[in-house]
Every structure is written in structure tokens, then in C-alpha cells.
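A, B, ... follow the sequence lines: proteins, then strands. Residue 1 opens every chain. Every heavy atom of this structure was used, including side-chain atoms; hydrogens, water molecules and symmetry mates were not.
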Amino acid sequence: MSSDTPAADLPKQYDHAAAQERWYSFWEQRGYFHSEPNAARQPYSIVIPPPNVTGALHLGHALNNTLQDILIRQKRMQGFETLWLPGVDHAGIATQAVVERRLLQEEKLTRHELGRQGLVDRIWKWKDAYQARIIGQLKQMGCSCDWQRTRFTLDEQCARAVRETFFQLFKEGKIYRGKRLVNWDTFLQTAVSDDEVFHEAVKGNFWHFKYPVVDPKPGEPTHVTIATTRPETMLGDTAVAVHPDPSGALDQAELDLRQRLADAPAKEKPDLEKQIDDIAERRREMLPRLEQLRDMARRGVKLELPLTGRQIPLIADQWAKPELGSGCVKITPAHDPNDYDVWQRHEEIGAINILNVDGTLNDNVPEKYRGLVVKKARAAVVADLEAAGLYNPETDCEPRDIDLAHSDRSKTPIEPMLMDQWFVKMDQLAQSAMDAVTSGQVKIIPDRYAKGYLDWLSEKRDWPIGRQLWWGHRIPVWSQPVADKYTCEHFMGQLEELHKARPDLIAYRVELDHDLDNARKVGGVEYQVAKIERPYATIHVSINDGASQQTIRLLENQGFLQSEDVLDTWFSSALWPHSTLGWPEQTEELKYYYPTSVLITNRDIITLWVARMILMGLHNVDKKRYGVRDSLPFHEVYIHPKILDGYGEGMSKSKGNGVDPLDVIEKFGADALRFGMAYLTTETQDVRVPVEFECPHCQKLIEQTKQNRVLPRVKCKHCQKDFSTQWAEKAEDKALPRGAVVSERFELARNFCNKLWNASRFALLNLEGFDPGQVSDDELMVEDSWVLSRLSTVTQQVTDALAEYRYADAARTLYDFAWDEFCSFYVEMVKGRLQDERQRVVAQRLVAHVLDVLLRLLHPMIPFLTEDVWQRLGQVAPERGVDTVEQAAESIMVAPWPESDPARRDPEIEAQFGRFQEVLRAVRDIRARQGVAPKTPLRFSVRCDAATANLLDPMKDYFSAMANAEPVAFGPEVAAPPLSANVTLSGLEVYVDLAGLIDVEAEVARKRQEIEKLTGFIAAKEKKLQQKNFVERAPAEVVQKERDSLADLQAQLAAAREVLERLAGGR
RNA sequence: GGGCGGUUAGCUCAGUUGGUUAGAGCACCAGCUCGACAAGCUGGGGGUCGAUGGUUCGAGUCCAUUACCGCCCACCA
């Protein structure tokens, strides 16, 4: 950049790549991103929702981070000590799954072959690579994070917080071990939470089987029929249930149906009526038999469980619905959530786990099924039942779509399984998080999201926190099963002593296991309930950091082993706002930056993450101890929209519709990406971004369809050449150039950036010899007062909008002002003055000032371009201002946020300017419709009242500059030139003298059309004003407004008729 | 089954507390190589605001019903 002429080398198009590279490193070198506690300033802090290290960022992240950076940059300019703390999440299951899958694909290795340490090493490498990539992406986007404070949920500081939290919760009894049915992922061989499961309809069958009754009395059924979609689970059945009061249950079912029928829409009524008839029929046909079965259940009748040689009880339980199927239901407590509940009510029936962790059948089933995977076992069971005559494929099997749970991570079907798990007790913790929102201490914006948050928490379901993974925070518990009471008490004695000496470091719990004893004998046979032999008890010890190595060795020497499991990823994420600031140490950072100012995230994780951060903050961050203002992690949560593709589907890599922000940045620039995001972030709507492939050969866009988005190669329909996509795997595909996935949605923003660039270029080209100085009011021209008035309003609007997270409003306000007012009017009007020696100095001061303020308002959204221009502006006009002249900051990043000056707002000037704009538009309109070439000068006059004439008078010179038209006269006495075209506006008429130019026919036709239109409006308005109701009941001012409007329209009509007559006469 | 959101121009979307003749960008049409900008400038065409009913002097906006789309939660032997 040559310092003499900062504008000389400016290209006509904004070079976003150059600006990005240059200014990001400039900011970083100056240390603007870094924040330190500073008592002299108010803090403003945001912790990033840490992206998963699973993969690279997509447009959803780009949106999330853009919105954060906009606030961060604005607050920094507003003088806050601003911290944006970045980091990444280890994302336990997701990341391990990705690395494992790759391992299998590329090296044909399973994690068991590699070993725990080996796998973890691999994942760390993956993590390092992706963390670097993610941070690179954030930097490309211009994110002003404090990189010196980058955290990782698995780093030592976060791990310390995890261990402390676990220990405290364990000590308080809020963490316990329980046997629960979990969602078992047989591929990853871990339990996954309900939130990591998705349901997908698959084709399946609904089978009906008969179980023989043992020793039925005469007249009693010899078989009961049960139905299932998972036949193999019958090997784990421990009962069959029938409703304890079938008649009552039918009554209730009917009552419910009738209730629904009453308020059901007509369309659904026939269906409901049919269901009611169905119940009536059941009452006739089936009720006696069900009651008989119920009585048999009470008597303790047993059934023969086919294929197993076991006998299982018939029990009475309300889970069996008499209105469904046969009215009887098989009970498999170890593999079905509802059956599990039945077991809780009927402990004596027991539970039998029939699955190994890899999804094959275990030793609890007859030998011939052992080792089979579920699918094969299912076929075998069905075949054997048929052979036994208990199933008839002709009549007992109906095809059916089954909504099957799948693991989100491995995409394989979930098997419900009974396992020992660690849980966090949620009753109190959930309540505290609910209170935080209901009391208004935490505001969720938009507030409609509060409902889902509260509903979810109100269930207070305990949180299973263990994962059978290797990638994560290993659970800090050492356990030891003990065989008998004596040994147990011996250990307890020892541990009690250790605990008493250091209650802050050691806690223990004894889990007595004999409550499961009766589960072990089912049908007279001993079965394993879980994967280990049940001892007398298990002793669990949790150790906090600071415990001596001897203590741990002591435990380990006595056979205590640390849990193999790791914690749910959300456990560490829940601590993010305080763990990243140093908790549990009493750091200056925690004291200064906590609570953070706002959390910006998407709606998918309001419950999983936001709720847990709130309750963990409340639990962990003691106000007094840490000297913080509040225990809550934040007081505001802003939920932003989701990015969807053109089909309204969420973007994801697995669908192939994901857009890499870097592709957008390369094509449109980071500024356009950011401004586009802000522009699209409205309150209610998700953001639709239709995506296209960009042909690498001809650069043309090809619509992305659901078909072509999953292909490894696509043929460009313009140049007929092939290019590769993210799915390319074969060498021949990979050899092709890659077609980027982009979206035209960012064109608006790119064009806007370019417009700003060129307006800035104009300003810089015209600021030579800039002489700073205050400008007094009497030196201001109309357009100056106008632009200052508008600027004051815009500043206020943008500031208000950002304070309320109305990003789109802020962006649109700036877009409209910059383009339609600053560029289209102010810049055009000031051109002449900049060429005039006498007016130049003031005009330059105004231009520099308005540009300065506009740049600052835009900087949070458009950081690179504004900095680039700011630096150049700083060279020609280092000191600038209108009311006060000040030295400009060395970077726009640290320049003060503009203040809106209400004294500058001038409605009169704005009204005057509005008149000018109307007249100008009228003249241009006439030129266009009469087809007069832009080069041909026009003459025009305006008939209006004296006041309007006075307003327009000072604007005279601008008409020739902006419309190549010379005003002849303004005033009430103005007469229409004989051959003229006119536009009638409210209160004034514009006549363009068209002698020698006019196309009379066209003008006559036009006038006729206009008259017709006006007549229509007038008729409508007269009708309205004749309505008594309107005149009497509407507010007087509204009625008056209508009357004025009518009078105005009538005047316009009269004028139009006059012109028409004259035109017709002149023909 | 429960909840939330959406439906406005060919496409993507704005539309404040109900109040003149409903807006923008893209696309389209006509005309502009005027020294900031063709990623631009000037002008233009295009919408019975998903449907029905209601409240109101007045409804894109409020209420009810309804259709369709999307998302979330729960459940489905």
C-alpha cells in the first residue's frame, strides 16, 4: 500500500482473499483477540459451543459462530473486556465411531485387535488433525476467539473439573449404580442414551405364537396366544401377562375412545367408531376367556415356554391390554422397557439376559441358538415353533412396518439390554434448572423454546452417565466385588477410616447385590442376570485429585480396579462454562468472566446441553467460594435457526447436502458468508440454503438433487464433463477435479460487499487533500443533514436490534441504508461538491465521517472489508469527525461503537428529502416510459404549493446530476408546457417538456390507464367513507386520513384529465 | 399420541402494536460501456398473503376450524 495514494491501487472488485489473509494475522499479532481480567472494564464473555472433533465444520457451525462473533466484536467496540473462549469437544461415541469405522475400512482392524491404548492414540491423532482443521475454519471465518485460551473437553483442565464434579456428586449420593435397561449398540458395544437413538421404520412381521398351558383344568384354555415383532426374545421370556381386570380395562378403553370421538374431526370419526365396535365385539367374544385366564393367573398357573424346557408364570398385570391382539402379552424384562417395568411390579418373575455384548445369543438360551446373531436366531425360533405346531405361517404372521430404534452413531439397530450403569440422580438437579428458567433468571430467546426445556426436565429422569467406550473421561471409581459379609465389613472399616481422615478426597459406597438373587433362579434353572457372577456386594470408591498415590496403590493392591467405562460426553460439556475458566481452582478468570454473558446455540441441544450446564453450574459454582456474581453459567440463551437445504432437510455429511463454509468463503468471501448468515437469521424461520454443485470445469452451477447428491461423480449438464464429489472412492473418480457444493444464497451478501467496496473506493479517490475539522450546522447542505439524520436513526436501530439478537433486522437496516441511501443518494449528490474547490473541504469531512460510522456499524458482520477500508481511510483521513474531530483507532476492531445522536434526527429534513426523491423518480419514470435516451437532457417543472417549492428549491442542481433534467420552475403558478408528459403525486405535479420528443399516443394511453386506476381507488374510498360504521366508529384521525387521501386522489384525477385533454387536443 | 414452527411474487424470504394501493433479493422484460460499482445503474411486469368461518368500521396481521410441509418428544406385545 503506497502511503500517498491509498486508493490508487484499488481494484474494482473487492478481493476478499487478500483482505482475509492480511487482516486476520494483523489482528492476531496485535493481540486484539486476547482478553485478561481487567477491573477497569466490564466483562463480556461467551464460551463457544465446542464443535465435535468428529469432522470439519459445516454451515450450521458457520451460522452459530458468525452470530457469536458479531456480538463479540460489537461488545469489544462498545468497550467491554471481551472474551470469546474457543474449544472443541471430544464427542466420545461419535469420534470413536468414526475412527473405528475408518480403522475397519482401511486396515481391517477392530478396536479389540488394536487395544485400548492403541485406539486412544489413534483418536488423539484424529482429534489433533480435526481440531487444527476446525480452528483453521473458524479463523477463515474471521472469528475473534481468544486462541490462547483454547480448551478441549478432554484436556487436563477439563478433566480436573470432571473428576471433582464426579467425586462431589458421588459423595453426596447423587451418583449411584443401578441395573437398567439400556440401549445397547452391538456394533460399538456400548450403551447409548435415548438421545443418541433415532427411530426408523423397517419392514418386519408381526408373529403370533401359542404357549401351552401346564395342566389346564377341564374347560380352561390349553394355550395362550401372544404376539411379537421380535420372536427371538421369547427365549428370554419370564412370564405372560393378562390384565387383572379385563372388563374394566375394556370399559376404560371404550370411554377414552368415546371421549376422543366427541371432539374428533369428522374425518376421523368412522375410524374411531370402528374401534369402539371392535371393543364391543371383544367384550362379547374374548372377555370370558380373558377373565378365565386372569383367574388362572391368580391361581398361579404356569405356561410351558416352548423351545426352552422352562416353565413361566401367567401373571396379572395392567400392561396387558385386553383391547389389543390376543389380550395376552409375553414378558421379556431384560430386553423390553415395558416388560422391564412389569418385572419391577412382579419381582418374582425374574429377568433373563439372552444377549452377549456383541449381539449374539448367550449361554442363557438353549444350545442350538447360542452364538447366533439376532437375525438368524429369529429365523430359527420361528422355524422351530412352526415345527412344534405352535405357529402357522399361513395365519399367524402379518407384515408390518416396525419403528425400530437405531444407534445414531453406528446406524445399527439397538438391542435393549439389562446392564449395570452409573446414574446421576436428577430430582433436585433438574428442579434447580427448572427454577432457573421459570423464575426468569435464565431467559431463553425465543421464549417458545422454554416449554420443551421445562417439559424435558420435569420428567426428572435419572441420567445414565456411563459409556462402554475408550475415548472419554474414565470414570473415577475403583470397585471390588466381595464374596461375603465379613470381607465387606472389613473393607468398609478400612475405607471409613480413610474417608474420615480426608472426606474431601475419598468416598465409598457399598452396593449390596443380593436384591437380585431371585432373578437367578427362573423356572428352577439358574441363570446369569448380568455379565458377572453376582457376589455378596460390590464396593465402589471414588477418589478425588490430591489423594496420595499410596491410597490408590493401597486400593489396587487389594483388588480394586478402576472402571473401564468412560463418562457420557455431555458430562464434561455440562461443565464447559466453568471448567474452561479454571474451576475448581479459584481463578481470577472464573471470578471475572463468570457467569458468561450469553449462550448461543441451536435448538437440538437445549435439553442435552443447555439444561445440564445450568444444573451443573448451580451445583458446582458456589458464589461465595469462587467470588462470582452468580452460580448460573449465563442469564440469556439465544437459540438460532437451523440451516436446511432446498428440500427443507437438515444438512449433514451423510446426506451429501452439507456445505463446507470454506467453499463459500472461497467463492464469496468470509464477509459475504457472515453477512449472508446474519441477513437470514430471522426469529421464526429456519434458514433454507438450496445447494448446487459448482462445476470445476466451467464454473457453472448444477442443481443438487436427492439423486445426484449421493453419486461419486456427476456430469456437468453445461460442459458435459464429469467431476467428483465427496463420495468419490474409486481411483478413477478421485482423479477427477472435485465439484464444490455451494449456494447462491450468498450472492446478495457478496454483491453488497462489492457495493460497499466501490462506495469506499469512491470516497478514498475523492479524499485527497483531506482537511479535518468540525463542521458547523450552517455549513451543512440538505443532503448532509439528511444523511446525518438517517445515520443517527440507523445507528440506534442497529444497536437495538443486536441487543435483542435480531440479526436480520440489523443486517437489513444496514443493507438498505448503505445501498439505497448512502450509495444511491448521498454519494451521488456529493459528487459535484467534491469537484468544487469551495465546497470540497466540508463535503470531504462529511464523506469521511459517514463512511467511518457506516464501517464501524458494519464491522461485526463484515470484519475484513471494513478493516481494509478503515486502514486506507486512516491514511487519508487519520483524524475525522463532524461534531468532534478525533484520531481514528489503529484498527476498526478496537474503534468505538458509534453512538446515536438524537439531536441529529430531523424529520423535517427527511420529509423534504422525501419530496425531492419523489420528484426525481417521477422525472426518471417519464424518461423511461417515453424512451428518451439518458443522454438527452430534459426540462421539467413542478406545480406545487409555495412551501413545497421552497423545499425543492435548494435541490435544483441535483436534478441535472442525477436525472440529466433541468428544473424550469417550481410553484403554484407553473403552467404545463404544451407537449409534456406528467406524473401526479400527492400535492404536486411534475411536467416534463417533451417538445420534439413526445410519443403522444403512448402518453395518452398511459393517462387513460392512470385515470381508470384512480377512478377505481376513488370509488373504493368513497364507498368506505359513506359507510356509517366506518365514519362513526373508526378513530377520527383514521377517518380524516381517508378523507385527505380521497381529496388527494381526486386532485390527481383532475390533473390527469386536464393533461389528457391537452394531449388529445395537441394531437 | 403430545408439542413447536412454517405456508405471502417463478425461487428464497421480510412484513413492528390490526389502518392508504402488501415489500426486498434473485429470476424475468425494456433501456443504459455517464470516471466508485455490469457482482452495477434507471425504469417495468408479476401476489384474491394455504383454505373456511369468526371478531372488527377495517384482517397478511387477532380467534376458531382445516389442509399440507418440516422439526422435537413419547409410544407402538
Side-chain angles (χ1 to χ4, degrees), chain A residues 7 10 12-14 194 199 206-208 226-230 233 240-241 260 265 267 319-321 324-326 328-332 336-339 400 402-403 448-449 451-452 455-456 459 603-604 606-607 641-642 644 646-650 668 672 679-680 682 684-690 744-745 747-766 808-809 812 815-816 823-824 827 831 921 924-929 931-935 963-964 1013 1016-1017 1020-1021 1024 1027-1035 1037-1039 1041-1042 1044-1046 1048-1049:
Chain A
L10 291 184
K12 285 190 178 186
Q13 276 189 15
Y14 169 50
D194 290 346
H199 292 262
F206 198 48
W207 281 276
H208 301 266
I226 55 86
T228 182
T229 55
R230 296 187 297 155
T233 60
V240 167
R260 272 176 58 198
K267 206 178 132 186
W319 168 236
K321 305 283 179 225
L324 290 176
S326 67
C328 295
V329 58
K330 68 195 266 303
I331 304 297
T332 322
D336 182 280
N338 292 302
D339 296 359
R400 187 187 262 208
I402 296 156
D403 210 15
R448 69 187 123 97
Y449 293 114
K451 187 172 159 42
D455 287 352
W456 187 82
E459 296 190 19
R603 74 174 97 93
D604 294 349
I606 295 173
T607 50
K642 253 179 116 151
L644 307 174
Y647 300 100
E649 295 180 23
F668 298 105
Y679 192 86
L680 294 169
T682 55
T684 51
Q685 298 256 49
D686 285 337
V687 176
R688 257 193 216 221
V689 181
E744 286 179 305
R745 291 309 299 278
E747 275 186 10
L748 167 116
R750 190 264 319 260
N751 294 353
F752 179 57
C753 289
N754 202 46
K755 187 72 182 176
L756 286 173
W757 175 255
N758 279 295
S760 305
R761 185 164 170 265
F762 167 82
L764 293 167
L765 286 166
N766 283 283
D809 282 349
R812 283 160 211 252
Y815 180 95
D816 292 344
C823 291
S824 294
V827 166
K831 274 178 180 169
R921 200 171 299 130
R924 285 169 167 174
D925 174 27
I926 291 167
R927 177 191 293 281
R929 80 192 193 208
V932 180
K935 275 184 177 167
N964 194 18
K1013 211 166 156 187
F1017 287 152
K1021 221 152 267 267
K1024 191 172 186 181
Q1027 280 169 4
K1028 255 196 180 158
N1029 275 336
F1030 174 68
V1031 180
E1032 283 168 11
R1033 304 176 82 152
E1037 48 186 85
V1038 173
V1039 176
K1041 225 167 150 185
E1042 287 296 297
D1044 294 348
S1045 167
L1046 178 61
D1048 188 47
L1049 287 168

Given the C1' atoms of C69(B) and U8(B), what is the spacing between them in whole Å? 16 Å
Indicate yes or no: at least one non-hydrogen side-chain atom of K1021(A) is less than 4.5 angstrom from one of D1048(A). no
Checking all strands, does I226(A) fall into the base, sugar-phosphate, or nothing category for heavy-atom contacts under 4.0 angstrom? nothing
Does the side chain of L756(A) reach to within under 4.5 Å of the side chain of F752(A), using non-hydrogen atoms? yes
How far, in whole Å, is U20(B) from U33(B) if one measures between their C1' atoms? 42 Å
I'd like to compare against my own output: the B/S/- annotation of nucleotides 26-43 of chain B with a strict under-4.0 Å heavy-atom distance to protein. ------S---BB-BSSSS
D686(A)/R603(A) salt bridge by N-O under 4.0 Å criterion: yes
Min side-chain heavy-atom separation W456(A)-I606(A) under 4.5 Å: no
Under 3.5 Å on both distances, the Watson-Crick or G-U partner of G1(B): C73(B)
Side-chain contact, heavy-atom cut-off 4.5 Å: S326(A) with H208(A)? no
Would you say R230(A) and T332(A) make side-chain contact, with heavy atoms under 4.5 Å? no
On a whole-Å scale, what distance lies between the C1' atoms belonging to G60(B) and G23(B)? 12 Å
Tell me, for nucleotides 4-21 of chain B in 5' to 3' order, what letter each nucleotide earns: B for a base near a protein heavy atom under 4.0 Å, S for only sugar-phosphate near one, - for neither? SSS-----SSS----BBB
Could you tell me which nucleotide pairs with G23(B) by Watson-Crick or G-U wobble geometry, both distances under 3.5 Å, or answer none if nothing does? C13(B)
Of D455(A) and N1029(A), the one whose nearest nucleotide on RNA chain B sits closer to the 5' end is D455(A)
G19(B) versus C37(B) - spacing of their P atoms, nearest Å: 42 Å
Using a 4.0 Å heavy-atom cut-off across all strands, classify C328(A) as base, sugar-phosphate, or nothing. base
For K1013(A), look at atom NZ and say whether over 12 heavy atoms of other residues, nucleotides or ligands are found less than 6.0 Å away. no
Does R603(A) reach a base, just sugar-phosphate, or nothing at all? Heavy atoms under 4.0 Å. sugar-phosphate
Taking the P atom in each of U52(B) and A67(B), what is the distance between them to the nearest angstrom? 15 Å
Going by an N to O cut-off under 4.0 Å, is there a salt bridge joining K330(A) and D336(A)? no
So what does T332(A) hit on the nucleic acid, given a heavy-atom distance under 4.0 Å: a base, only sugar-phosphate, or nothing? nothing
Sub-4.5 Å side-chain heavy-atom contact between P690(A) and E744(A): no
Both distances below 3.5 Å, Watson-Crick or wobble geometry, any strand: find the nucleotide opposite U65(B). A51(B)
